Student: 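I'd like to ask you about the structure that follows.
Given the structure is predicted, the values throughout are model-derived calculations rather than measurements. Start at 1 and go down the list; that is how both ligands and their atoms are numbered. One is the number of the first residue; the rest follow in order along the sequence.
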Amino acid sequence: MSRPKFYVTTPIYYVNDKPHIGHAYTTILADCLARFHRSLGDETFFLTGLDEHGQKVQQAAEKRGMTPQAHCDDLAPRFLQLWEKLQIKYDDFIRTTEDRHKKIVQLALQKVYDNGDVYADEYEGWYSVAEERFITDLEKESGQFREVKQIKERNWFFKMSKYQQQLIDYIQSHPEFIQPNHRRNEILGFLQKPLGDLCISRPKSRLSWGIEIPFAKDYVTYVWFDALINYISVPGWGTDDAKFKKWWPASVHLIGKDILTTHAVYWPTMLFSLGLPLPEKIFAHGWWLIGETKMSKSLGNVVNPLDLVDQYGVDAVRYFLMREMILGQDANFTIELFTKRYNSDLANDFGNLLNRVSGLIGKHFEGVVPVSDKLTESENEIKNMADGLPSKVKELIYNLQMNDAIEAIIELVRRVNRYVEHQAPWKVIKEDRVRAGTILYTATEGLRISAVLLSAVMPMKTKIVLDVLGALDSKPRWGELKAGTKLKSHEALFPRLEIK
Ligand code: MSP
């Protein structure tokens with residue numbers, strides 16, 4: 001029997017932007033999901049990358065007196081360095097300027113054209129350079145769009161409207177397709193109005209930095225038609241049938257709520273036209289707000305993830321972002337919230353449990369894991385909780401409830417801490433060494449299982465814990481901790497932070 005497969009994607013980020021915690025968040029989320037799935041034995045493919053074409057890139061390059069390609073080559077490493085620092089283990093990284101992608105975009109354009117789904121038309125309307133798209137009169141009047149100008153030109157259009165009913169039927173018969181549910185309703189609402197056709201070309205005279213349209217050499221393709229194709233160009237559509245069959249459809253496209261329409265309307269209709277199955281799920285998460293306001297360059301409140309990692313370490317940053325955001329809702333970032341979460345979950349709960357067990361085993365058992373003898377009700381409670389945890393976490397992860405999965409694991413840690421306090425092995429040792437050994441084995445085993453389960457989120461610190469316990473490649477199964485193991489010495493895992 002073939003193993004279950006898991007193919008997860010992040011949006012491909014605009015190369016022009018400086019990576020901020022919004023980008024870091026989605027990428028860490030994809031990484032944690034991918035690590036969980038790998039640890040469950042699923043065949044996993046995690047794709048991320050960069051969106052390098054379009055007007056903004058061309059203009060930014062001109063300003064710097066560089067070619068757009070040189071400009072992209074100069075900026076791309078900022079993302080790669082950040083991913084390395086954040087311990088992101090992607091399976092492939094696509095840049096849309098790579099040949100392997102460009103030729104597939106052209107293949108897709110040609111197919112859609114051959115199907116009769118593309119036509120040319122004269123178009124006159126308002127165009128927002130900042131948004132890189134035509135906007136309606138209403139949108140122009142809203143004043144929310146920058147760099148708006150009147151444009152009249154001949155362009156190529158994709159018959160998106162043709163697929164409107166098919167898309168509505170699909171969404172209605174696949175409740176899992178767009179998540180969370182309020183986003184699904186948003187799209188169904190949007191689809192109640194007639195869907196226009198999508199302008200998919202830009203004349204080279206106005207914009208040359210893009211992929212040339214194979215049937216209209218004076219045009220390049222619209223950046224979204226180019227970018228979305230990455231999800232199929234990388235896993236081999238048009239070049240490697242076996243690979244493509246293995247990975248497509250994607251298990252989940254992770255996106256932010258602001259790019260829902262492009263993913264839940266443009267992309268499915270493109271796939272319909274190409275005769276390809278739709279991704280299993282599109283999940284739109286909320287925004288990271290900085291103390292309740294939107295993060296934006298002009299407000300100067302953009303949080304740089306590299307600074308955070310330098311100051312607090314990669315695991316704490318990953319933990320905070322994953323634990324704090326309820327998937328689908330907006331979340332707040334402030335240093336106070338970060339410090340509070342760090343101190344309560346990481347310093348007081350998880351780090352403290354390691355300190356306690358290694359301290360007590362060091363003091364009373366020469367640093368050697370004691371034997372677990374007869375279990376009483378209290379030990380069985382911990383054991384039962386730990387035994388049930390992997391399947392509970394698995395279910396939550398399959399449901400994309402990352403914060404709940406983490407909470408369930410930390411709940412075990414808290415429970416074990418309370419158990420140690422209550423059992424007071426430092427007192428029991430005076431009368432009953434065997435019983436004290438059982439208590440410490442139970443606590444250490446609880447710690448080990450939580451560390452194994454948390455390793456997708458905090459790969460570095462959990463590795464330290466498991467190394468101390470001599471259990472680096474162990475599974476989250478009760479009893480894998482070996483009595484007789486000499487514990488390694490270690491430093492405080494998460495030293496408490498001072499609240500400023
Ligand atoms: N290039 C397009 C995506 C093409 S995918 C085929 C793009 N790039 S982006 O760099 O502007 O944004 C990428 C992602 O960052 C989006 O999912 C967006 O929601 C996310 N975020 C940008 N700011 C954010 C926050 N403040 N918080 C969380 N995510 C945010 O769009």
Student: Under a plain distance cut-off of 3.5 Å, with no hydrogens placed, do Trp288 and His20 share a side-chain donor-acceptor pair?
Tutor: no
Student: Under 3.5 Å, is there a donor-acceptor pair linking the side chains of Ser455 and Thr462?
Tutor: no
Student: Which of the numbered atoms in ligand 1 are below 4.0 angstrom from a heavy atom of Gly256?
Tutor: 17 (O), 19 (O)
Student: Within the side chain of Gln164, is there an N or O that forms a donor-acceptor pair under 3.5 Å with the backbone of Lys193?
Tutor: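 Pair found, side chain donor or acceptor close to backbone of Lys193.
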Student: Need the ligand 1 atom indices (1-based, order shown) with element for anything under 4.0 Å from a heavy-atom of His285.
Tutor: 28 (C), 29 (N)
Student: With side chain to side chain donor-acceptor pair (under 3.5 Å) as the test, pick out the partner of Asp169 among Gln172, Gln165, Gln166.
Tutor: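 When side chain to side chain donor-acceptor pair (under 3.5 Å) is applied between Asp169 and each of Gln172, Gln165, Gln166, only Gln165 qualifies.
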Student: Protein heavy atoms near atom 2 (C) of ligand 1, is at least one of them under 4.0 angstrom away?
Tutor: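 Answer yes: something from the protein, a heavy atom, is under 4.0 Å.
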Student: Does NZ or CZ of Arg202 lie under 6.0 Å from the centre of the six-membered ring of Tyr127, at an angle within 45° of the ring axis?
Tutor: no
Student: I need the nearest protein heavy-atom contact for atom 15 (O) of ligand 1: residue, atom name and distance, please.
Tutor: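 Atom 15 (O) of ligand 1 sits closest to the protein heavy atom His23 CD2, 3.6 Å.
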Student: So is Thr26 touching ligand 1 or not, going by heavy atoms under 4.0 Å?
Tutor: no
Student: Any N or O of Trp288 that comes nearer than 3.5 Å to an N or O of ligand 1?
Tutor: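 It does: an N or O of Trp288 is found under 3.5 Å from an N or O of ligand 1.
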Student: Which atoms of ligand 1 have any heavy atom of Asp258 under 4.0 Å away?
Tutor: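 Matching atoms, with element in brackets: 18 (C), 19 (O).
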Student: Kindly indicate, with the supporting measurements, whether the criterion salt bridge (Lys or Arg N to Asp or Glu O under 4.0 Å) is fulfilled by Asp345 and Arg414.
Tutor: CA-CA 9 Å; Asp345 293 14; Arg414 284 193 205 113; 3.7 Å; yes
Student: Under 4.0 Å from a heavy atom of Asp51: give me the atoms of ligand 1 that qualify, with their elements.
Tutor: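 Those qualifying, in numeric order: 1 (N), 2 (C), 4 (C).
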Student: Compute the ring centroids of Phe215 and Trp156, then answer whether they are less than 6.0 Å apart.
Tutor: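 Between Trp156 and Phe215, which both carry aromatic rings, the centre distance is below 6.0 Å.
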Student: Hey, which atoms in ligand 1 end up nearer than 4.0 Å to a heavy atom of Ile259?
Tutor: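 Near Ile259, the atoms of ligand 1 are 16 (C), 17 (O), 31 (O).
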Student: Heavy-atom contacts with His20 under 4.0 Å: which atoms of ligand 1 show up? List them by number with element.
Tutor: 22 (C), 23 (N), 24 (C)
Student: Can you tell me if Tyr25 contacts ligand 1 (heavy atom of the residue under 4.0 Å from the ligand)?
Tutor: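 Distance cut 4.0 Å: Tyr25 fails for ligand 1.
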Student: Can we call the ring centroids of Phe320 and Phe333 under 6.0 Å apart?
Tutor: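 Ring-ring flag for Phe320/Phe333: true, centres closer than 6.0 Å.
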Student: Determine, step by step, whether Tyr163 and Asp117 satisfy the side-chain hydrogen bond (donor to acceptor under 3.5 Å, both in side chains) criterion, reporting the C-alpha distance in whole Å, the side-chain angles of both residues, the deciding distance to 0.1 Å, and the verdict.
Tutor: CA-CA 10 Å; Tyr163 297 101; Asp117 281 347; 2.4 Å; yes
Student: If you measure every N/O of Tyr231 against every N/O of ligand 1, is any gap under 3.5 Å?
Tutor: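 So ligand 1 has no N or O lying under 3.5 Å from an N or O of Tyr231.
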Student: Quick test: of every protein heavy atom, which one is nearest to atom 14 (C) of ligand 1, and how far off is it to 0.1 Å?
Tutor: Tyr13 CE2, 3.9 Å
Student: Considering only heavy atoms of Gly286, which atoms of ligand 1 have at least one such atom less than 4.0 Å away?
Tutor: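 Within the 4.0 Å cut-off of Gly286, ligand 1 contributes 28 (C).
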Student: Please confirm whether Trp267 comes under 4.0 Å of ligand 1, counting heavy atoms of the residue only.
Tutor: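 No, that is not the case, since the closest heavy atom of the residue is not under 4.0 Å from the ligand.
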Student: May I ask you to decide if the ring planes of Tyr7 and Phe45 are parallel, tilted or perpendicular, using 30° and 60° as cut-offs?
Tutor: tilted
Student: Can you tell me the protein heavy atom closest to atom 8 (N) of ligand 1 and the distance?
Tutor: Tyr14 CD1, 3.3 Å
Student: Around atom 25 (C) of ligand 1, find the nearest protein heavy atom and jot down its residue, atom name and distance.
Tutor: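 Atom 25 (C) of ligand 1 sits closest to the protein heavy atom Trp287 CE3, 3.0 Å.
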Student: Should Asp218 and Arg154 count as an ion pair when the cut-off is N to O under 4.0 Å?
Tutor: no
